[in-house]
Q: 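Sending over a structure as structure tokens; questions will come in a sec.
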Amino acid sequence: SDVKPYPTQCVGPDYRSESQKPTAVVSVGVEFDTVTILPQTPQLIALLSIIRNKETQRGDFIFYSNRIIRLLVEEGLNHLPTVEHTVTTPVGRPYDGLSFQGKICGVSIMRAGEAMEQGLRECCRSVRIGKILIQRDEETSQPKLFYDKLPEDIADRWVLLLDPMLATGGSAIMAVDVLKSRGVPEERILFLNVLASPAGIQNFATKFPKLRVVTAFVDQGLDEKNYIIPGLGDFGDRYYTR
Ligand code: PRP
Ligand code: URA
């Protein structure tokens, strides 16, 4: 019942006419201003096609997921505040540019979210990283909080919350509640996510109207076990153990 119609689109370089581009399923759209979906480029769709394929082995799953994660981090950084910053070049000329304003930290929702830490570290050298261990009950899909360890001054930082999968939204909502209980205002949290369900986005974005989300793709829906469909299966298992 929750399954959205298949949005297909011609995907390819702009210099090609529509009839010369291949067709692919692209992300479902969403109605929230706070949610950014990565541009549905040929590169992103090809990377997603690899990690969605059940035949893809663990080494490739890690490599190509990491590439998507890197795209998410690069886009996510565009949502942080900047200030004017002028530098002098080696030929003695000024360049009026920008620099980032404010401190950041990453917080991963364990286990799958830890897969996104490396991509964040590659872009933000020596970034502080906190952890929240939340596990979804396999029978009920309800999240359970086991552990958290967060930077002491987290309330003074922008938080990049990391979890590749947003299914019902229960785990991510629980993680944000932990962050808010430590004094992080909602508007200073940015959630980076690989694959979301429409219901997960709806629940999350309605509950936290000031929190920004960057996702690579909103899928069609959830199955009876609350797995995302068409999805990619269990991200944590495929990245870490399978
Ligand atoms: C997965 C995933 C999310 C959560 C999404 O984690 O990484 O944290 O489920 O589902 P939800 O939106 O319905 O809460 P899981 O609890 O399976 O643990 P894992 O990261 O160890 O695989
Ligand atoms: N967690 C996953 O890893 N995959 C899903 O489809 C849903 C939750």
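One-based numbering, in listed order, for ligands and for the atoms of each. In this text the structure is predicted, and so the values were computed from the model without any measurement.
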Q: Mark yes when over 12 heavy atoms from residues, nucleotides or ligands other than Asp137 sit less than 6.0 Å from its CG; otherwise mark no.
A: yes

Q: Within a distance under 4.0 Å of any heavy atom of Gln135, pick out the atoms of ligand 1 and give their elements.
A: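 Contacts of ligand 1 toward Gln135, numbered from 1: 16 (O), 18 (O), 19 (P), 21 (O).
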
Q: So, is Phe235 polar-close to ligand 2, with some N/O to N/O distance under 3.5 Å?
A: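 Yes: some nitrogen or oxygen of Phe235 is under 3.5 Å from one in ligand 2.
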
Q: From atom 22 (O) of ligand 1, is the closest protein heavy-atom distance below 4.0 Å?
A: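 So atom 22 (O) of ligand 1 has protein heavy-atom neighbours under 4.0 Å.
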
Q: If I apply the N/O under 3.5 Å rule, does Met165 come out as touching ligand 1?
A: no

Q: Of the protein's non-hydrogen atoms, which lies at the shortest distance from atom 6 (O) of ligand 2, and what is that distance?
A: Ile228 N, 2.8 Å

Q: Does Lys149 make a cation-pi contact with Tyr147 (under 6.0 Å, within 45 degrees of the axis)?
A: no

Q: List every atom of ligand 1 that sits less than 4.0 Å from any heavy atom of Asp234, numbering the atoms from 1 in the order shown and giving each element.
A: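 Answer for ligand 1: 22 (O).
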
Q: Counting each atom of ligand 1 from 1 as listed, which ones have a heavy atom of Gly170 under 4.0 Å away?
A: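 In order of numbering, the contacting atoms are 12 (O), 14 (O).
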
Q: In the protein, what heavy atom is nearest to atom 10 (O) of ligand 1, and what distance, to one decimal place, separates them?
A: Arg136 CD, 3.1 Å

Q: Can Gly200 be said to touch ligand 1, with heavy atoms closer than 4.0 Å?
A: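 So Gly200 does not count as touching ligand 1.
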
Q: Does the cation-pi check pass for Arg52 over Phe217, that is, NZ or CZ under 6.0 Å from the six-membered ring centre and within 45° of its axis?
A: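 Verdict for Phe217: a cation-pi partner in Arg52.
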
Q: With a cut-off of 4.0 Å, which atoms of ligand 1 are near a heavy atom of Gly169?
A: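 Atoms satisfying the 4.0 Å criterion: 11 (P), 12 (O), 13 (O).
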
Q: Please indicate, with yes or no, if any protein heavy atom is found under 4.0 Å from atom 2 (C) of ligand 1?
A: yes

Q: Does Asn226 have a non-hydrogen atom less than 4.0 Å from ligand 1?
A: no

Q: Once you round to the nearest 0.5 Å, how far does CD of Glu122 lie from CD1 of Ile69?
A: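 Those atoms lie 9.5 Å apart.
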
Q: Please assess Val176 against Phe204 for the test side chain to side chain contact (heavy atoms under 4.5 Å, CB included), listing each intermediate value before the final yes or no.
A: CA-CA 10 Å; Val176 172; Phe204 189 80; 3.7 Å; yes

Q: Are the side chain of Thr23 and the backbone of Gln9 linked by a donor-acceptor contact shorter than 3.5 Å?
A: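 Side chain of Thr23 to backbone of Gln9: no pair is present.
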
